[in-house]
2 protein chains.
Amino acid sequence: MNSFTEENYIKSIYHLSKDGNQAVNTNSIAEQTSTKASSVTDMIKKLAEKGLINYVKYQGVTLTPKGYSLAVGIIRKHRLWEVFLVEKLQFKWDEVHDIAEQLEHIKSDTLVDRLADFLGNPKADPHGDLIPDKEGKFQSKDLIRISKMEAGDTGIISGVNEHSPKFLQYLEKSGLVLGKKIAVIEVIEFDGSVILLMENKEITISREAAKNILILA
Amino acid sequence: MNSFTEENYIKSIYHLSKDGNQAVNTNSIAEQTSTKASSVTDMIKKLAEKGLINYVKYQGVTLTPKGYSLAVGIIRKHRLWEVFLVEKLQFKWDEVHDIAEQLEHIKSDTLVDRLADFLGNPKADPHGDLIPDKEGKFQSKDLIRISKMEAGDTGIISGVNEHSPKFLQYLEKSGLVLGKKIAVIEVIEFDGSVILLMENKEITISREAAKNILILA
DNA sequence: TAGTATTTTTAGATTTATCTAAAAATTAAA
DNA sequence: TTTAATTTTTAGATAAATCTAAAAATACTA
Ligand SMILES: [Mn+2]
Ligand SMILES: [Mn+2]
Ligand SMILES: [Mn+2]
Ligand SMILES: [Mn+2]
């Protein structure tokens with residue numbers, strides 16, 4: 001049985017390794033988990049001992065298959081609970097993350113399966129993040145940032161790259177929510193801000209915002 | 001912020017004190033929490049420090065108003081989650097307790113309120129145990145054990161006093177589930193077993209079982 | 001009421017997850 | 001290719017929750 005702490009480290013390592021690919025260094029784990037590098041060294045020794053990560057001193061860590069499937073399982077639970085909170089309990093998309101951080105550690109395989117069924121086996125959470133299936137497979141989508149689009153390009157808002165309540169509330173207020181169709185009218189050369197057309201209205205967003213909104217072409 | 005451990009001690013004290021009335025002694029807390037008396041002494045000092053219990057050395061403990069409302073809040077969550085699991089996720093009544101033991105520690109007042117609304121503000125959980133409202137008030141019912149009934153008495157099965165999966169599965173198999181109307185035909189003097197009439201069928205249960213089934217007259 | 005049994009508390013250790021400060025290894029720069 | 005900067009690991013401490021063994025207090029009994 002893994003502690004919440006261990007699970008949070010594994011999840012951090014997963015996210016930092018860009019979904020399980022590259023090696024992750026000690027300092028970045030420390031930052032992600034709000035701990036110190038020395039604490040991380042202690043913990044990664046323990047996780048390596050448990051067979052969840054590959055660890056060579058000074059070389060950073062990678063997830064083993066066992067660690068990877070643990071991470072994906074936690075992420076599945078996190079995202080399913082977020083769907084539950086939004087779809088069934090009327091939470092807003094900017095309110096669900098902290099509660100899901102708690103719920104993701106509830107242990108019961110049956111519960112996860114039943115919850116997924118209850119929700120209609122959703123493929124994405126309220127932020128457009130993909131929900132892996134029971135076997136840990138993601139049904140990958142090809143999303144691009146608005147900041148990579150050019151005048152004339154069109155698409156549908158399908159995800160975000162930044163999950164802070166502040167940003168999500170801003171999008172909500174501006175009507176830039178998942179499912180909306182947008183077209184890029186112009187990219188301002190000076191500062192990279194982008195003028196969009198959405199529902200026959202022009203909306204200007206900063207380059208920073210444009211980098212964090214994901215579009216399905 | 002209270003740890004899961006602290007919450008479990010408070011809940012144990014609540015249950016052992018018969019819903020918050022009498023004083024609870026160290027050994028019984030140790031038994032309930034599967035720890036040793038010495039561990040309990042340490043923990044109750046801490047809980048007293050936090051203002052959750054009244055503690056005088058060698059005199060046992062009682063809940064303060066603050067401790068009482070913490071306990072009731074946890075019990076509310078536990079029972080609401082049990083309703084959720086049975087009503088929405090098709091769990092059986094003998095399968096939900098352990099999962100609810102985890103879910104009862106999730107911290108979010110909004111979540112509890114929304115969950116209660118979502119479930120239609122149920123007054124009782126799948127075992128007939130009362131669910132306190134937001135203010136911690138129980139809508140008390142007057143239930144009696146079948147073992148206290150006499151030949152000729154009738155009523156509706158409305159709760160259980162024993163929550164082990166074994167017992168719940170036995171009731172399920174025998175059809176002795178919540179809402180069923182029963183009549184006592186005879187109480188066997190020899191061993192206290194009880195012959196019931198339910199849906200025109202006779203069912204004999206042991207005195208032990210009769211003590212653990214609760215009836216609304 | 002004195003003596004015994006039971007319950008509770010204290011004393012001292014252990015495990016987990018964390019920290020600070022210092023040492024060691026790696027990486028970058030001169 | 002030395003030297004300096006950065007990163008990582010080790011050493012030693014601390015706080016939380018637990019334990020065993022022993023001491024102290026309370027309760028029971030003859
Ligand atoms: Mn989230
Ligand atoms: Mn999300
Ligand atoms: Mn229960
Ligand atoms: Mn119950």
Side-chain angles (χ1 to χ4, degrees), chain A residues 1-18 22-64 67 70-71 74 101-102 104-105 107, chain B residues 1-18 22-64 67 70-71 74 101-102 104-105 107:
Chain A
M1 189 58 49
N2 308 298
S3 68
F4 285 20
T5 306
E6 290 166 342
E7 291 191 348
N8 283 332
Y9 270 90
I10 289 296
K11 198 173 49 133
S12 290
I13 293 166
Y14 175 89
H15 286 306
L16 288 165
S17 69
K18 292 283 169 200
Q22 65 220 39
V24 178
N25 52 304
T26 304
N27 265 344
S28 53
I29 300 173
E31 190 182 16
Q32 184 85 3
T33 57
S34 303
T35 58
K36 296 298 159 71
S38 56
S39 307
V40 172
T41 301
D42 282 346
M43 181 56 82
I44 62 187
K45 282 177 182 169
K46 186 177 171 188
L47 297 175
E49 199 66 43
K50 283 190 158 196
L52 296 168
I53 60 177
N54 307 112
Y55 169 52
V56 184
K57 266 190 195 178
Y58 294 101
Q59 305 304 141
V61 301
T62 55
L63 293 172
T64 62
L70 176 59
I74 298 164
E101 285 289 307
Q102 301 180 62
E104 73 188 4
H105 301 292
K107 275 139 189 117
Chain B
M1 189 59 51
N2 308 298
S3 68
F4 285 20
T5 306
E6 289 166 340
E7 291 191 347
N8 283 331
Y9 270 90
I10 289 296
K11 198 173 48 133
S12 290
I13 293 166
Y14 175 91
H15 286 306
L16 288 166
S17 69
K18 292 284 170 197
Q22 63 220 41
V24 178
N25 52 303
T26 304
N27 264 344
S28 53
I29 300 172
E31 190 181 13
Q32 184 85 6
T33 57
S34 302
T35 59
K36 295 298 157 72
S38 56
S39 307
V40 172
T41 301
D42 282 346
M43 180 55 83
I44 63 187
K45 282 177 182 169
K46 185 179 172 187
L47 297 174
E49 200 65 46
K50 284 191 157 195
L52 295 169
I53 61 177
N54 306 113
Y55 169 52
V56 184
K57 264 191 197 176
Y58 294 101
Q59 304 304 139
V61 302
T62 55
L63 293 172
T64 62
L70 176 59
I74 297 165
E101 285 289 306
Q102 301 179 62
E104 72 188 4
H105 301 292
K107 276 141 188 115

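Numbers restart at 1 for each chain; the letters A, B, ... are given by sequence-line order, proteins then strands.
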Is a donor-acceptor contact shorter than 3.5 angstrom present between the side chain of B:T41 and the base of C:dT10?
no

May I have the distance from A:E31 (atom CD) to D:dT6 (atom C1'), rounded to whole angstrom?
15 Å

Contact under 4.0 Å: B:K45 side-chain N or O vs C:dT9 OP1/OP2:
no

Please report, rounded to the nearest Å, how far the P atom of C:dT26 is from the OH atom of A:Y58.
7 Å

Base, sugar-phosphate alone, or nothing: which one does B:D42 contact when heavy atoms must sit under 4.0 Å apart?
base

Whole angstroms only, please: what is the OH-P distance between B:Y55 and C:dT10?
6 Å

At under 4.0 Å between heavy atoms, what does A:F4 touch on the DNA or RNA strands: base, sugar-phosphate, or nothing?
nothing

Taking the side chain as every heavy atom from C-beta outward, state whether B:V40 and B:Y9 have any pair of such atoms under 4.5 Å apart.
yes

A:Q59 or A:T35: which one's nearest nucleotide on DNA chain C is closer to the 5' end?
A:T35

Would you call A:K11 and A:E101 a salt bridge, using N to O less than 4.0 angstrom?
yes

Rounded to whole Å, the CD1-C1' distance (B:I44 to D:dA16) equals 17 Å

Find the distance A:N2:CG to C:dT16:C1' and express it as a whole number of Å.
14 Å

Verdict with supporting geometry, A:K107 and A:E7, salt bridge (charged side-chain N to carboxylate O under 4.0 Å, His left out):
CA-CA 11 Å; A:K107 275 139 189 117; A:E7 291 191 348; 3.3 Å; yes

By the 4.0 Å heavy-atom rule, please label B:S39 as base, sugar-phosphate, or nothing.
base

Separation of A:N25 atom CG from C:dT27 atom P, in whole Å?
11 Å

Taking D:dC19, C:dC19, C:dT8 as options, the one with an atom nearest any side-chain atom of B:N27 is C:dT8

Between the side-chain atoms of A:T26 and the base atoms of D:dT9, is any donor-acceptor pair under 3.5 Å?
no

B:K36 atom NZ is separated from C:dG12 atom C1', nearest whole Å, by 16 Å

Starting from P on C:dT18, measure out to CD1 on A:I29 and report it in whole angstrom.
12 Å

Measuring to OP1 and OP2 of D:dT10, would you say a side-chain N or O of A:K57 lies under 4.0 angstrom away?
yes

Give A:S3 one of three labels, base, sugar-phosphate or nothing, depending on what nucleic acid heavy atoms sit under 4.0 Å from its own.
sugar-phosphate

So what does B:Y9 hit on the nucleic acid, given a heavy-atom distance under 4.0 Å: a base, only sugar-phosphate, or nothing?
sugar-phosphate

Using the rule given for side-chain contact (heavy atoms from CB on, under 4.5 Å), can you reason through B:I53 versus B:I44, listing the C-alpha separation, both sets of side-chain angles and the distance that settles it, and then say yes or no?
CA-CA 8 Å; B:I53 61 177; B:I44 63 187; 3.7 Å; yes

Examine A:F4 together with B:F4 and report whether their ring centres are nearer than 6.0 Å.
yes

When we call it a touch if two heavy atoms are under 4.0 Å apart, what does B:S38 touch: a base, just sugar-phosphate, or nothing?
base

